[in-house]
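Handing you a structure now.
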Amino acid sequence: MTILARILKEKENEVQQLLQNTPASNEGLKIRPSLFDALYQNERLQIIAEMKRASPSKGLINEGANPVVQASIYEKAGAACISVLTDTPFFKGTFADLKAVAEAVQIPLLCKDFMIHEVQIDQAKASGASVILLIVAALPGERLQVLYKYAIESKLEILVEVHNVDELQQALKLDAKLIGVNNRDLKTFEVDLARTAEISANFPFHEERVLISESGMQTVEDAEVVTKFGASAILVGETLMRSGEVAQTIADFKVKKGVEPR
Ligand SMILES: O=P(O)(O)OC[C@@H](O)[C@@H](O)c1c[nH]c2ccccc12
């Protein structure tokens with residue numbers, strides 16, 4: 001079984017648990033600025049900075065990190081958005097992390113999990129997220145469209161994650177505004193920035209949409225490469241979680257964009 005298949009199996013159990021609990025309240029939630037607005041036509045590459053303790057591909061990354069401290073540094077350093085992994089079995093994140101970060105920061109907040117059911121979207125929203133991730137490869141048939149619509153109705157922004165041109169077409173069919181290309185193959189864990197190149201070659205840059213390059217960003221050169229491919233933002237986890245100078249690393253990643261993609 002691929003890792004993605006294993007994760008999705010686990011999510012089915014989580015959904016059953018969630019469905020047995022009383023729905024969480026949305027009272028007292030902050031209104032956050034739009035992530036799309038922060039990214040669209042910005043003259044610099046923007047950073048979605050991730051709170052990531054561990055991952056199936058890397059094992060422990062920074063187990064002891066305090067999510068509030070980490071996220072506050074990200075915000076102060078000029079990140080456009082904070083991403084918090086909430087999956088526990090594979091990434092050692094929690095919804096408590098997301099809630100704590102939501103209290104501490106004002107910028108857009110992404111709940112990073114493997115969504116397969118509406119109840120997870122409710123939970124993300126109730127925990128303070130303003131953006132959710134939908135992974136095309138995890139949502140066969142109508143599920144992608146159903147969850148996308150549900151998230152829109154819930155007044156959330158949606159980052160649609162794709163791995164290839166076929167999945168890009170599906171994202172465009174939804175009219176997704178925030179499209180992320182994961183440079184890491186969720187089946188093999190291999191990272192290749194050529195994935196961003198491939199999506200870029202097929203991306204309608206003249207439309208009101210943004211391309212986000214996710215995973216495997218280690219150096220300023222990596223950021224420059226994906227900027228040339230037209231990325232408006234990068235999603236960075238591991239490099240920031242391991243950096244001894246987080247603020248400087250974020251500042252360095254915010255490279256100036258060229259005039260035209262590619
Ligand atoms: O730690 P990295 O290589 O900088 O990657 C961050 C982020 O892109 C990655 O965590 C991610 C991208 N898409 C996902 C989907 C599920 C879980 C995790 C992810």
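In listed order, ligands and their atoms are each counted from 1. All of these numbers come straight from a predicted model, not from anything done at the bench. The residues of the chain are indexed from 1 along the displayed sequence. Because only heavy atoms are used, hydrogens play no part in the values below, and waters and symmetry mates are left out as well, while side chains stay in.
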Hey, is ligand 1 close enough to Ile135 that some N/O pair sits below 3.5 Å?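 Ile135 vs ligand 1: no N/O contact under 3.5 Å.
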
Return yes if some donor-acceptor pair links the side-chain N/O of Gln120 with the main-chain N/O of Phe114 below 3.5 Å, else return no.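 Checked: pair present.
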
I'd like to know if Glu118 and Arg143 make a salt bridge, using a cut-off of under 4.0 Å between side-chain N and carboxylate O.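 Salt bridge flag = yes for Arg143 with Glu118.
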
Number the atoms of ligand 1 from 1 as they appear, then name those within less than 4.0 Å of a heavy atom of Phe91, with their elements.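 Listed by number with element, the hits are 17 (C), 18 (C).
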
Check ligand 1 against Arg184 and write out every atom of the ligand that is under 4.0 Å from a heavy-atom position of the residue.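 With Arg184 as reference, the close atoms of ligand 1 come out as 3 (O), 5 (O).
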
Minimum-distance protein heavy atom relative to atom 10 (O) of ligand 1: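 Closest protein heavy atom to atom 10 (O) of ligand 1: Glu50 OE2, 2.6 Å.
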
State whether Asp87 and Lys112 are salt-bridged, where the test is any N-O pair (Lys NZ or Arg NE/NH1/NH2 against Asp/Glu carboxylate O) under 4.0 Å.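 Between Lys112 and Asp87 there is no salt bridge, as every charged N stays at least 4.0 Å from the carboxylate O atoms.
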
Salt-bridged, Lys11 to Glu14, with N to O below 4.0 Å?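 A salt bridge is present here (some side-chain N lies under 4.0 Å from a carboxylate O).
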
Could you check atom 14 (C) of ligand 1 against the protein and tell me its nearest heavy-atom contact, residue, atom and distance included?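 The answer is Lys112 NZ, 3.4 Å.
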
Checking the side chain of Arg53 only, and the main-chain atoms of Lys92 only, is there a donor and an acceptor separated by less than 3.5 Å?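 Flag set: sc Arg53 to bb Lys92 pair under 3.5 Å.
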
Can you tell me which residue and heavy atom of the protein come closest to atom 4 (O) of ligand 1, and the distance to 0.1 Å?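 Looking at atom 4 (O) of ligand 1, the protein heavy atom closest to it is Gly237 N, 2.7 Å.
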
Assess the side chains of Thr196 and Asn183: does a donor N or O sit below 3.5 Å from an acceptor N or O?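 Judged by distance alone, the side chains do pair up.
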
Report, in ascending order of atom number, the atoms of ligand 1 lying under 4.0 Å from any heavy atom of Gly216.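 What qualifies from ligand 1 is 2 (P), 3 (O), 4 (O).
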
Only heavy atoms of Asn182, strictly under 4.0 Å: list the atoms of ligand 1 that pass.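 Selected atoms, number and element: 12 (C), 13 (N), 14 (C).
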
Nearest protein heavy atom with distance in Å, relative to atom 8 (O) of ligand 1: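 For atom 8 (O) of ligand 1, the nearest protein heavy atom is Ser215 OG, 2.7 Å.
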
So, does Glu75 use its side chain to make a donor-acceptor pair with the main chain of Ile107 at under 3.5 Å?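 Yes; at least one donor-acceptor contact below 3.5 Å.
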
Contacts of type ring-ring contact (aromatic ring centres under 6.0 Å, His included), residue Tyr40, not counting sequence neighbours: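 Tyr40: ring-ring contact (aromatic ring centres under 6.0 Å, His included) contacts with Phe36.
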
Taking atom 16 (C) of ligand 1 as the reference point, the nearest protein heavy atom with its distance: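 Minimum-distance protein heavy atom for atom 16 (C) of ligand 1 reads Phe114 CZ, 3.2 Å.
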
Given that the side chain starts at C-beta and the backbone is N, CA, C, O, which of these parts of Glu161 lies under 4.0 Å from ligand 1, counting heavy atoms, or is it both or neither?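 Under 4.0 Å from ligand 1, Glu161 contributes side-chain atoms alone.
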
Please identify which atoms of ligand 1 are closer than 4.0 Å to at least one heavy atom of Val236.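 Listed by number with element, the hits are 4 (O).
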
Quick test of your reading of the model: are Lys254 and Asp252 salt-bridged, counting only N-O distances below 4.0 Å?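 A salt bridge is absent here (no side-chain N lies under 4.0 Å from a carboxylate O).
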
With sequence neighbours excluded, tell me which residues meet side chain to side chain contact (heavy atoms under 4.5 Å, CB included) with Thr249.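 Counting only residues at least two positions away or on another chain, Thr249 forms a side chain to side chain contact (heavy atoms under 4.5 Å, CB included) with Thr239, Leu240, Ser243, Phe253.
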
Thr239 N/O to ligand 1 N/O under 3.5 Å: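 No: no nitrogen or oxygen of Thr239 is under 3.5 Å from one in ligand 1.
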
Which of the numbered atoms in ligand 1 are under 4.0 angstrom from any heavy atom belonging to Glu238?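 The list of qualifying atoms is 1 (O), 2 (P), 4 (O).
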
Quick one: look at Met241 and ligand 1, take heavy-atom pairs under 4.0 Å, and tell me if it's side chain, backbone, both or neither.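 Answer for Met241: neither.
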
